[in-house]
Amino acid sequence: MPELPEVEHAARSLRAWMQGRCIVRAAAERGRVLRDEDPRRFARVLSGRTLESVERRGKYLLLIFDREVGLLSHLGMTGKLVLREAGEVEPYSRARFELQGGQVVHFRDPRKFGRLRLAPARRLAQQPEIAALGPDAWEEPPTLRSLSESLGRTKRPVKLALMDQSVIAGLGNIQVAEALFRAHVSPRRRADQLRPEELGRLATAIRESLAFTLARLTPVQGDVSYVEEPGAANPFLIYGKAGEPCPLCGEKLRSFSQGGRTTHWCPRCQR
DNA sequence: TGACCCCTGGCC
DNA sequence: GGCCAGGGGTCA
């Protein structure tokens with residue numbers, strides 16, 4: 001369930017698995033993931049192509065095949081790219097790329113919130129969803145200056161502003177909660193009322209939180225395990241830990257709803 | 001800005 | 001059986 005670190009990891013995995021390899025056959029099921037795209041066209045356009053490059057912008061993947069065919073991908077809530085041997089059945093596989101030599105890369109997505117869309121390679125970056133993104137939180141890390149400009153424009157709570165992909169691209173519910181905790185800033189604070197020292201701490205905290213999560217996702221193996229999956233230990237500082245003691249002060253961590261999503265925080269550390 | 005929707009599985 | 005879930009989009 002991907003935020004920037006998981007998508008970055010997916011990009012690295014794709015490069016390791018597919019870059020320079022010929023897709024003997026591509027296929028996809030008709031339905032939400034492909035939206036209005038015809039699966040027959042998907043198969044026709046991508047079969048026989050070679051993956052040339054994979055880029056990440058925010059939570060989107062931009063794949064380029066043979067310099068001309070582009071594929072825009074978003075993993076949604078439950079999307080994941082996995083490498084399997086030929087003939088293995090992959091549950092919830094919505095699309096697959098059969099590689100020369102027998103392996104298969106599946107776009108697995110139980111909840112079908114993910115997306116795959118063909119577009120001319122040349123115009124991938126101009127697709128509306130990509131053009132609407134703010135600076136990438138990892139490639140163009142936020143600074144005191146960039147945050148004071150982007151957050152200074154909105155009266156929304158800082159939690160919601162940081163979740164807005166047009167403000168900063170790549171952060172989701174977990175990374176925002178973790179970064180605000182690291183910065184000692186309350187998620188309820190009005191974005192335009194943060195003091196310079198708080199913005200500076202927040203810029204650092206965002207980079208640290210992303211680096212922390214990304215470090216746990218490497219190295220690339222045959223399969224990609226997300227940081228938090230059913231049964232896995234929760235590696236985060238406060239996310240998903242409401243009711244447990246704060247790792248810094250021991251106060252009980254809390255959660256509440258903000259913009260329809262759960263926000264985790266420490267009422268004593270975050271002001 | 002908030003409500004609701006898209007989907008399915010896992011957990012209590 | 002009901003609630004929850006890290007994504008985005010639309011509508012009033």
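Just so it is clear, the values below take in all heavy atoms, side chains as well, and ignore hydrogens, waters and symmetry mates. This structure is a prediction, so every number in the text was calculated from the model and none was measured. So you know, we letter chains A, B, ... as the sequences are listed, proteins then strands, and number each from 1.
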Given B:dT1, C:dG6, C:dG8, which nucleotide is nearest the side-chain atoms of A:Arg156? B:dT1
Near-parallel close stack of A:Phe113 and B:dC6 base (under 5.5 Å, under 30°): yes
Between A:Leu75 (CG) and C:dA5 (P), how many Å, whole number? 20 Å
Paired with A:Asp136, the salt bridge (Lys or Arg N to Asp or Glu O under 4.0 Å) test is passed by just one of A:Arg207, A:Arg56, A:Lys59, A:Arg57, namely A:Arg56
Going by chain and number, the hydrophobic cluster around A:Ile238 (ILVMFWY, side chain to side chain under 4.5 Å) further includes A:Phe181, A:Leu237, A:Leu248, A:Leu253
Below the 4.0 Å mark, does B:dC6 have OP1 or OP2 next to a side-chain nitrogen or oxygen of A:Lys112? no
Where does DNA chain B form stems of at least three consecutive Watson-Crick or G-U wobble pairs, each pair having both distances below 3.5 Å? B:1-6 with C:7-12, B:8-12 with C:1-5
If you check the A:Met77 side chain, which of B:dT8, B:dT1, C:dG6 turns out closest? C:dG6
Pick base, sugar-phosphate or nothing for A:Gln175, based on heavy-atom distances below 4.0 Å to the nucleic acid. nothing
Looking at residues at least two apart in the chain, or sitting in another chain, which of them share a side-chain contact (heavy atoms from CB on, under 4.5 Å) with A:Ser148? A:Leu199
From CZ of A:Arg111 over to P of C:dG9, roughly how many Å is that when rounded to an integer? 16 Å
Nearest-Å distance, NZ (A:Lys159) to C1' (B:dT1)? 15 Å
More than 12 heavy atoms of other groups within 6.0 Å of A:Arg35 CZ: yes
Pick out which of A:Leu118, A:Asp38, A:Leu71 makes a side chain to side chain contact (heavy atoms under 4.5 Å, CB included) with A:Val45. A:Leu118
On DNA chain C, compare the nucleotides closest to A:Gly260 and A:Glu129; which residue's is nearer the 5' end? A:Gly260
Starting at atom NZ of A:Lys241, determine the distance to atom C1' of C:dG6, rounded to an integer number of angstrom. 16 Å
For nucleotides C:dG6 and B:dT1, find the distance between their C1' atoms and express it as a whole number of Å. 22 Å
Can you check the A:Leu72 CG to C:dG8 C1' distance for me, whole Å? 13 Å
Between atom NZ in A:Lys59 and atom C1' in C:dG9, what is the gap in whole Å? 13 Å
Atom pair distance, as rounded to whole Å: CE in A:Met163 and P in C:dG9: 13 Å
P gap between C:dC3 and B:dC5, integer Å: 14 Å
Give the nucleotide from the list C:dG6, C:dG9, B:dC7 with an atom nearest to the side chain of A:Tyr60. C:dG9
Would you indicate, yes or no, if C:dG7 has its OP1 or OP2 atom less than 4.0 angstrom from a side-chain nitrogen or oxygen of A:Arg261? yes
Which residues pass the ring pair (Phe, Tyr, Trp, His ring centres under 6.0 Å) test with A:Tyr60, not counting sequence neighbours? A:His74
Where the side chain of A:Tyr239 is concerned, which of B:dT8, C:dG6, C:dG7 is the nearest nucleotide? C:dG6
Using a cut-off of less than 4.0 Å, is there contact between a side-chain N or O of A:Arg115 and OP1 or OP2 of C:dG8? no
Can you tell me if A:Thr262 touches the phosphate of C:dA5, counting only side-chain N or O atoms and a distance under 4.0 Å to OP1 or OP2? yes
A:Tyr92 side chain N/O closer than 4.0 Å to the phosphate oxygens (OP1, OP2) of B:dG9? yes
Suppose we screen for ring pair (Phe, Tyr, Trp, His ring centres under 6.0 Å). Which residues come up paired with A:Tyr92, at least two apart in sequence or across chains? none
What is the distance, rounded to the nearest whole Å, between atom CD of A:Gln127 and atom C1' of C:dG8? 17 Å
Considering only distance and modelled atom types, tabulate donor-acceptor pairs under 3.5 Å from the side chains of residues 167-176 of chain A, sequence neighbours left out.
from, atom 1, to, atom 2, distance (Å)
A:Asn173, OD1, A:Lys159, NZ, 2.8
A:Asn173, ND2, A:Thr262, O, 2.9
A:Gln175, OE1, A:Ser209, OG, 2.7
A:Gln175, NE2, A:Thr213, OG1, 2.9

Separation of the P atoms in C:dG1 and B:dC7, to the nearest angstrom: 23 Å
